[in-house]
Amino acid sequence: MEPTRKIEKVSMRNLHMEDYDQLAKSFKRIYADSDVFWTKEQIKKLITIFPEGQVVIIVDDKIVGCALSIIVNYNMVKGDHTYAQVTGNETFNTHDPNGNILYGIEVFIHPDYRGLRLARRMYEYRKELCEKLNLKAIMFGGRIPNYHKYADKMRPKEYIEHVRNREIYDPVLTFQLSNDFHVRRVIRNYLPSDEESEHCATLLQWDNIYYQPTTDSYVDRKPTVRIGLVQWQMRPYASVDDLFEQVEFFVDSVSDYKSDFILFPEYFNAPLMARFNDLGEAQSIRMMAQYTDEIRDRFRELAISYNINIITGSMPYLKDDSLYNVGFLCRRDGSVDMYEKIHVTPDEQKCWGLSGGSHIQTFDTDCGKIGIVICYDVEFPELSRLMAEDGMQILFVPFMTDTQNAYSRVRVCAQARAIENECYVAIAGSVGNLPRVHNMDIQYAQSAVFTPCDFAFPNDGKRSEATPNTEMILVSDVDLNLLNELHTYGAVRNLRDRRKDLYELKQKK
């Protein structure tokens, strides 16, 4: 059995002086026509100007690999350029500590030590460094050494596509693609002496999903967001004042836990219809709609005073003699947006004469981009997919269901939306009964927060759940950084792997 090897990844800043000679003599630049080696002066220069960017692999106390890099500005390398230009003719005077791109100028493993996945370790180091320094991306010119075998049959673009599809193996490009780099373009004469690549190279890029560009205004986007859900007990209320005494109790309670959002259920204000019970069902809900503007304004005041973003559930809204089911996002900075139920249920249309809304949108908040769909809407995957394509990270679903099978439709679809859109989904409903309100007799709910199903999340996709059919609050934390990692490194990547060459989803204007 082969003895266990001791493998270390070491920053070059920790090398001893005698290591410089070994390093300089060990690594021939493999793209050269003749034997050209890194000089001790070049290595010392790189370590002086950017020590963090230089790393070596040591196996059994012997240096067997290295990765060298500098920082440049994106505008310098986004288009055609040569190796000589980007390295300042190998003086490295192009290194810019204030740049935003980690540019790779060398990765090399000694031939006797290849096949041990050592290069992968150095690439992981570069990715960690890129994130640590808040750089936009890693970029470099990559050789395509097997291209000369196919140059008379296909252009570089076709060759790259065949390599990407695993129809052709290229020792450099195949490795880069497997390490999450993508080809931005083909650049000519990057390395004039590279005959194997037919003087062509690929401009490769790995994007830092955590990159935050510098701005004049500072916005604190929290990676961990705390969500509070209200599982609302239906009970009689004589007035809006009585209703809001209970609303404020929940807002106060959830805000005490430093929550960023609080979600109320659909039609949580239905008890106010009791005073209009002598009217028909369609008339009574229209009478209740007269309170909607006042309820919106009161929620806005609570959002400001309790420093919490409030998603108001939903309520009837009368506009141009048409009745809609809407809710409001009341941000803690005082701004307010309205969202609409797009798909009304057959019962809402038959008993109340409701019309479906027509505005599909996401909302920017101080805790990331969110989407809101009301109850039945979550059973239509197109809505949340459009929101996911617009960057939605958390989907909020206020709902009202009377029976357990109706609730199951909402719950199962909400879990599906979390998986297929790689986002968090929070649902909140009402419990109890309203015997004196027509068409709102009974309620069934179990509020919950759902996640994607991958290694960083609960195995069953359930972050937290309330007790069924009990009035309570549910407070849960969600980590937005985990979503970013899932989009790039997930076991499956539902958003990225869609076959856009076969189908697409478009919102009609």
Side-chain angles (χ1 to χ4, degrees), residues 6-32 36-74 76-77 81-111 113-114 116-143 172 175-176 179 181 190-191 204-206 208:
K6 177 185 176 184
I7 301 176
E8 300 174 88
K9 185 171 58 181
V10 179
S11 170
M12 283 193 188
R13 71 160 75 201
N14 298 322
L15 293 181
H16 300 294
M17 289 302 296
E18 58 268 22
D19 294 323
Y20 289 134
D21 288 323
Q22 179 192 341
L23 186 62
K25 294 176 181 178
S26 296
F27 304 131
K28 184 179 79 169
R29 281 178 257 174
I30 57 176
Y31 48 77
V36 179
F37 297 89
W38 288 99
T39 67
K40 182 165 67 174
E41 289 71 24
Q42 287 175 317
I43 294 170
K44 290 182 69 175
K45 173 75 174 287
L46 286 168
I47 295 173
T48 300
I49 63 173
F50 185 30
E52 301 92 338
Q54 326 310 323
V55 64
V56 296
I57 288 285
I58 299 177
V59 178
D60 296 332
D61 299 321
K62 179 182 179 181
I63 298 173
V64 301
C66 74
L68 312 176
S69 56
I70 57 176
I71 296 175
V72 297
N73 192 279
Y74 177 69
M76 179 184 182
V77 294
H81 60 276
T82 67
Y83 186 83
Q85 288 171 339
V86 77
T87 62
N89 291 316
E90 300 175 10
T91 65
F92 314 117
N93 293 332
T94 50
H95 173 70
D96 180 4
N98 297 315
N100 56 4
I101 298 295
L102 184 66
Y103 197 93
I105 58 176
E106 178 71 283
V107 170
F108 187 80
I109 299 295
H110 192 284
Y113 293 84
R114 292 174 187 170
L116 300 178
R117 295 178 178 255
L118 301 180
R120 189 180 298 271
R121 297 192 187 201
M122 291 191 290
Y123 274 87
E124 290 304 316
Y125 173 85
R126 276 185 177 170
K127 293 173 183 177
E128 293 169 6
L129 180 63
C130 186
E131 294 172 359
K132 176 183 176 182
L133 299 180
N134 190 36
L135 301 176
K136 179 182 176 70
I138 302 171
M139 296 176 69
F140 54 85
R143 301 175 64 244
V172 176
F175 173 77
Q176 308 296 0
N179 278 276
F181 284 85
Y190 182 73
L191 296 166
L204 291 150
Q205 181 170 329
W206 175 86
N208 176 12

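Because only heavy atoms are used, hydrogens play no part in the values below, and waters and symmetry mates are left out as well, while side chains stay in. This is a predicted model, so every value here is computed, not measured.
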Please determine whether a side-chain nitrogen of the Lys or Arg among K127 and E124 lies less than 4.0 Å from a carboxylate oxygen of the Asp or Glu.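 Salt bridge between K127 and E124, a charged N being under 4.0 Å from a carboxylate O: yes.
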What residues form a side-chain contact (heavy atoms from CB on, under 4.5 Å) with T87, not counting sequence neighbours?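 Counting only residues at least two positions away or on another chain, T87 forms a side-chain contact (heavy atoms from CB on, under 4.5 Å) with Y83, E90, F92, I105.
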Pairing residues for T82 by the side-chain contact (heavy atoms from CB on, under 4.5 Å) criterion, not counting sequence neighbours: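 Only A84, Q85 meet the side-chain contact (heavy atoms from CB on, under 4.5 Å) criterion with T82.
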Could you report the tightest heavy-atom contact between [X] and [Y], atom names first, then the distance?
X: L68; Y: Q54; value: CA-OE1, 3.1 Å
X: E52; Y: Y125; value: O-OH, 2.6 Å
X: L191; Y: R143; value: CD1-CG, 4.0 Å
X: S69; Y: L102; value: OG-CD1, 3.7 Å

Can you name the side-chain hydrogen bond (donor to acceptor under 3.5 Å, both in side chains) partners of [X], sequence neighbours left out?
X: N179; value: R120
X: K45; value: N93
X: Y190; value: Y103

Can you list the steps and then say if W206 with Y123 is a side-chain contact (heavy atoms from CB on, under 4.5 Å)? CA-CA 10 Å; W206 175 86; Y123 274 87; over 6 Å; no
First locate atom [atom1] of [X], then atom [atom2] of [Y], and finally report the distance between them rounded to the nearest 0.5 Å.
X: C130; Y: N100; atom1: SG; atom2: CG; value: 9.5 Å
X: I138; Y: E131; atom1: CD1; atom2: CD; value: 8.5 Å
X: I57; Y: L118; atom1: CD1; atom2: CG; value: 5.5 Å
X: M122; Y: F108; atom1: CE; atom2: CZ; value: 10.0 Å
X: I49; Y: T94; atom1: CD1; atom2: OG1; value: 7.5 Å
X: Q42; Y: E106; atom1: CD; atom2: CD; value: 10.5 Å

For Y74, the ring-ring contact (aromatic ring centres under 6.0 Å, His included) test, sequence neighbours excluded, returns none
All ring-ring contact (aromatic ring centres under 6.0 Å, His included) counterparts of F50, not counting sequence neighbours: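 F50 satisfies ring-ring contact (aromatic ring centres under 6.0 Å, His included) with H95 once adjacent residues are dropped.
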Would you say N208's side chain and L135's backbone share a donor-acceptor pair under 3.5 angstrom? yes
Within the side chain of R126, is there an N or O that forms a donor-acceptor pair under 3.5 Å with the backbone of G53? no
Just wondering, do L129 and V55 contact through their side chains at under 4.5 Å, heavy atoms?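 No; the side chains remain at least 4.5 Å from each other.
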